[in-house]
Amino acid sequence: MLSEQEQIRRQSLNELIRLGVNPYPAESFPVTATTAEILEQYPEQNKFEEVSLAGRIMSRRIMGAASFVELQDESGRIQCYFKRDEICPGEDKTMYNTVFKRLLDIGDIIGIKGYVFVTKMGETTIHVREFRLLSKSLRPLPVVKEKDDKVYDAFTDPDQRYRQRYVDLIVNPQVKDTFIKRTRMTNSIRNFLNEKGYLEVETPILQPIYGGAAARPFKTYHNALDMTLYLRIANELYLKRLIVGGYDGVYEFSKDFRNEGMDRFHNPEFTQVELYVAYKDYQWMMNLVEEMVEKVALDLHGKTKIKVGAHEIDFKRPWKRFTMFEVIRHFTGIDISKMDEAQLREVAQQLEVPVDPTMAKGKIIDEIFGEKCEPQLIQPTFITDYPIEMSPLAKKHRTQDGLVERFEAIVNGKELCNAFSELNDPLDQRERFEAQLELGRRGDEESMVLDEDFLRALEHGMPPTAGLGIGIDRLAMIMTDSNSIQDVLFFPHMRPEQKKEAPKPEDFTALGIPAEWVEHVINAGFASPDDITKEKPTKIHQMLNGYRKKNKLQIPALKLEEVQSWFETKN
RNA sequence: GAUUCAGUAGCUCAGCUGGUAGAGCAACGGCCUUUUAAGCCGUGGGUCCUGGGUUCGAAUCCCAGCUGGAUCACCA
């Protein structure tokens, strides 16, 4: 059932057609200026004496024979002035009185031609000489009003904003801005990496063995090959194969998929940039990260200090650097650098950090860090030299036993990137995989699987390489001061809407529809008996037999009399 | 997955200890030729998320479910 306003708009649509106005014309409409250009450049340059632009009607103030309309295009909004005798110079005032005043609505997309002037109240406005309907809108838009920077009746319901992002983008200009910033951010990173001479590549999303990170995957199935495939949780092992192949710098903006919980920092699919550079180490990579993120801040904001929530974060180089042991000592006063697993368990207990028996030494350290240190690191900080157990793809530390050459950058209490001097010793790598398999046997569902082909690649020899993964969504949240990952993803994952209740087969059999047909009637798109009886019997007869033929159903075709009997059962 | 809060007109929200559902904007009909959260007069619009229960009577109380938010757990 359509709402009253939707019904009225459909009536208006029919009325327009009756008046010879095509509500969805095919021809292109010439656009010679954007609202932003006009607002910026008028009246300094005397050049908007003949403009043609298009956009969506966002508000209307009708005053009899004259009206003001706010028109919104991609760049912003501008006020337009419609005057009856100008729109309709002759006797026939239909175009203004009927088409414009009665049949157009907020949300309709129109094209206008006219000239720019300034009203008595000082607002730059387009004096419209003619207009053309370009697309009729059949649904009412939320009407958001604004005065003195105060917003009234803002469209805020998160459920609707995320499910109907198009509406969100239409009525909430800041949202559009956020996503423009996100794209500028990825452009900035891409330019930076391209200027360094690294090659942007694409690697498989469907992987027979998921690897490169510790996470649970999404599983899917390939029919032709009759095999299980996984959506990638990372692309690390593929990019390293390319380093083996002889590219010295490769990167990929990678949509990765992890089958885990969702919250304001996690979406099942998310974006990372991974970068691998041959003949470099993690110290070198730290410098690159600083340089790159500082540049991103400058490109987006023109400065390195950025407001994020209640904090001001400064990305100016150099960032603070701590080793994992240093930072734990700094925040807890405890030096864990010489401790074994049992001692670490004791420390965890003492610090009230929850640990469980499946956790090995590295995981316990990670828990202590995550609980006691990470949330306190607001300004960009590098944490280096992680325990070997939790970094099966990183190279052993050049001087410290039991550690690897790895760093993470922490910003605003969250991990922003993860990087290491990559492990290129194939024998060591095999042992690390085997240690992971052992963790898996202990019950760790996120332990890594052994990838023989990756080991084969390493056995051919991979140059010493520095590798990096940066969470693009996280960086976008920081750079746009967004509180939730949903605010930097156009279409965050949501549970499906279920407006209609599932069709009940009994309802159809009650109508007299043969049992063997009911399933197909439902599949053909009829959700309730009413969906059938509101049509003509002849049409239903044709549709269902057409469906039978198309799907080669092994059941007898319907006779028209049979279909007609359903309608009589109804009455 | 757990806890908790919310779901009422197209949108934003009121609706107290149970007693026939309200406002602003939007819509519809008038008036209004430089208004701007335009204004003035009038009108219509509801599965009160869904399903049960208690009750003479439920938007309101109870139970279950659905969807979303926040927090927690897993994780980036």
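Quick note on labels: first sequence line is chain A, next is B, and so on, each numbered from 1.
- Between the CZ atom of A/R9 and the C1' atom of B/G44 there is a distance of 17 Å, given to the nearest Å.
- A straight line from CG of A/D85 to P of B/U33 spans 10 Å, rounded to a whole angstrom.
- Using the six-membered ring where Trp is involved, A/F48 and A/Y42 have ring planes that are tilted, between 30° and 60° apart.
- Taking the P atoms as reference points, B/G18 lies 15 Å from B/U55, given to the whole Å.
- For the pair A/R61 and B/A37, the criterion of a side-chain N or O lying under 4.0 Å from OP1 or OP2 is not met.
- Applying the Watson-Crick and G-U wobble criteria (two distances, each under 3.5 Å), B/G1 pairs with B/C72.
- Across all strands shown, B/U12 is found opposite B/A23 as a Watson-Crick or G-U wobble partner, with both distances under 3.5 Å.
- At a threshold of 4.0 angstrom between heavy atoms, the contacts of A/D159 are confined to the sugar-phosphate backbone, with no base atom among them.
- Atom name P, nucleotides B/A2 and B/A21: the rounded distance is 37 Å, in whole Å.
- When rounded to the nearest whole Å, the span between CD1 of A/I57 and P of B/U35 equals 21 Å.
- The side chain of A/S3 sits closest to B/G10 out of B/G10, B/C74, B/U33.
- Whole-Å rounding puts the A/F265 CZ to B/A70 C1' distance at 13 Å.
- Within 4.0 Å of A/A154, counting heavy atoms only, lie sugar-phosphate atoms of the nucleic acid but no base atom.
- The backbone N or O of A/L2 lies less than 3.5 Å from a partner atom in the side chain of A/Q7, making a donor-acceptor pair.
- For A/S484, whose side chain is taken as the heavy atoms from C-beta onward, the closest listed nucleotide among B/A70, B/U33, B/U12 is B/A70.
- The backbone N or O of A/R139 sits less than 3.5 Å from a side-chain atom of A/R9, completing a donor-acceptor pair.
- Across B/G24, B/U33, B/U34, the shortest atom-to-atom separation from the side chain of A/A65 is found for B/U33.
- Under the Watson-Crick or G-U wobble criterion, with both distances below 3.5 Å, B/U55 has no partner in any strand shown.
- Between the side chain of A/N267 and the main chain of A/H493, a donor-acceptor pair closer than 3.5 Å is present.
- In the set B/G68, B/U12, B/U33, B/G68 carries the atom at the smallest distance from any side-chain atom of A/P158.
- Contact annotation: side chain of A/D263 to base of B/C74, donor-acceptor pair present below 3.5 Å.
- A donor-acceptor contact under 3.5 Å is not formed by the side chain of A/E146 with the base of B/A37.
- Among the atoms of the strands shown, base atoms are found under 4.0 Å from some heavy atom of A/Q79.
- No N or O donor and acceptor, one from the side chain of A/E4 and one from the base of B/G45, sit under 3.5 Å apart.
- Mapping A/N483 and A/F270 onto RNA chain B by nearest heavy atom places A/N483 closer to the 5' end of the strand.
- Across the C1' atoms, B/U8 and B/G22 are found 10 Å apart, a figure rounded to whole Å.
- Checking B/G68, B/U12, B/A70 against every side-chain atom of A/R495, the shortest atom distance belongs to B/G68.
- Atom-to-atom, CD1 of A/I106 to P of B/U36 comes out at 17 Å; the value is rounded to the nearest Å.
- Taking the P atom of each, B/G19 and B/A27 are spaced 34 Å apart, rounded to whole Å.
- Side-chain atoms of A/R163 lie closest to B/U67 of the nucleotides B/A38, B/U35, B/U67.
- Summarising the base pairing, B/C48 is matched to no nucleotide, lacking a Watson-Crick or G-U wobble pair whose two defining distances lie under 3.5 Å.
- Separating the P atom of B/A58 from that of B/G52 is a span of 13 Å, rounded to the nearest Å.
- Backbone-only engagement by A/D157 is indicated by non-hydrogen atom pairs under 4.0 Å involving sugar-phosphate atoms exclusively.
- Not a single donor-acceptor pair, N or O on each side, falls under 3.5 Å between the base of B/U36 and the side chain of A/E70.
- For A/K145, a side-chain nitrogen or oxygen approaches OP1 or OP2 of B/A26 to under 4.0 Å.
- A/Y152 comes within 4.0 angstrom of a nucleotide base, judged by non-hydrogen atoms across all strands.
- Among the atoms of the strands shown, only primed sugar atoms or phosphate atoms (P, OP1, OP2) are found under 4.0 Å from some heavy atom of A/Q486.
- Here, B/U33 and B/A37 have their C1' atoms 22 Å apart, quoted to the whole Å.
- With hydrogens and angles ignored, the 3.5 Å screen pairs a side-chain donor or acceptor of A/E252 with a backbone N or O of A/T203.
- Using cut-offs of 30° and 60° on the angle between ring planes, the pair A/F257 and A/F218 is perpendicular.
- Applying the 4.0 Å criterion to OP1 and OP2 of B/C28, one finds that A/Q5 has every side-chain N and O outside that range.
- At the heavy-atom level, A/L416 lies nowhere under 4.0 Å from the strands shown.
- In this structure, of B/U35, B/G69, B/U33, it is B/G69 that holds the atom nearest to the side chain of A/Y162.
- Salt-bridge formation is detected for the pair A/R18/A/E15: a Lys NZ or Arg NE/NH1/NH2 atom is positioned less than 4.0 Å from an Asp or Glu carboxylate oxygen.
- No engagement by A/K93 is indicated, since no non-hydrogen atom pair under 4.0 Å with the nucleic acid exists.
- Looking at which nucleotide of RNA chain B each of A/E415 and A/R264 is closest to, the 5′-most match is held by A/R264.
- Distance A/R258 CZ to B/A73 C1': 18 Å, rounded to the nearest Å.
- For residues 365-389 of chain A, no pair satisfies salt bridge (charged side-chain N to carboxylate O under 4.0 Å, His left out), with sequence neighbours left out.
- On the P atoms, B/C41 is 14 Å away from B/A23, given to the nearest whole Å.
- When heavy atoms are screened at a 4.0 angstrom cut-off, A/G261 is found touching base atoms of the nucleic acid.
- Under the Watson-Crick or G-U wobble criterion, with both distances below 3.5 Å, B/C28 is paired with B/G42.
- As the counterpart of B/A6, B/U67 is assigned, both hydrogen-bonding distances of the Watson-Crick or G-U wobble pattern falling under 3.5 Å.
- When the side-chain nitrogen and oxygen atoms of A/K147 are compared with OP1 and OP2 of B/A37, one or more of them lie within a distance under 4.0 Å.
- Residue A/R60 places no side-chain N or O under 4.0 Å from the OP1 or OP2 atom of B/U35.
- Here salt bridge (charged side-chain N to carboxylate O under 4.0 Å, His left out) pairs that include residues 149-164 of chain A, with residues two or more places apart or in two chains, are A/D159-A/R163, A/R161-A/D168, A/R161-A/D487.
- The nucleotide whose nearest atom lies closest to any side-chain atom of A/Q160 is, among B/G68, B/U12, B/U35, B/U12.
- Between B/G69 and B/G29, the distance separating the two P atoms is 39 Å to the nearest Å.
- With B/U36, B/G24, B/U71 as the candidates, the nucleotide lying closest to the side chain of A/M121 is B/U36.
- Note on A/D473: nothing from the nucleic acid sits closer than 4.0 angstrom, heavy atoms only.
- Separating the CD1 atom of A/I126 from the C1' atom of B/U36 is a distance of 16 Å, rounded to the nearest angstrom.
- Atom CD of A/E6 and atom P of B/G46 are 13 Å apart (whole Å).
- Here the two rings, on A/Y96 and A/F82, have centers that are 6.0 Å apart or farther.
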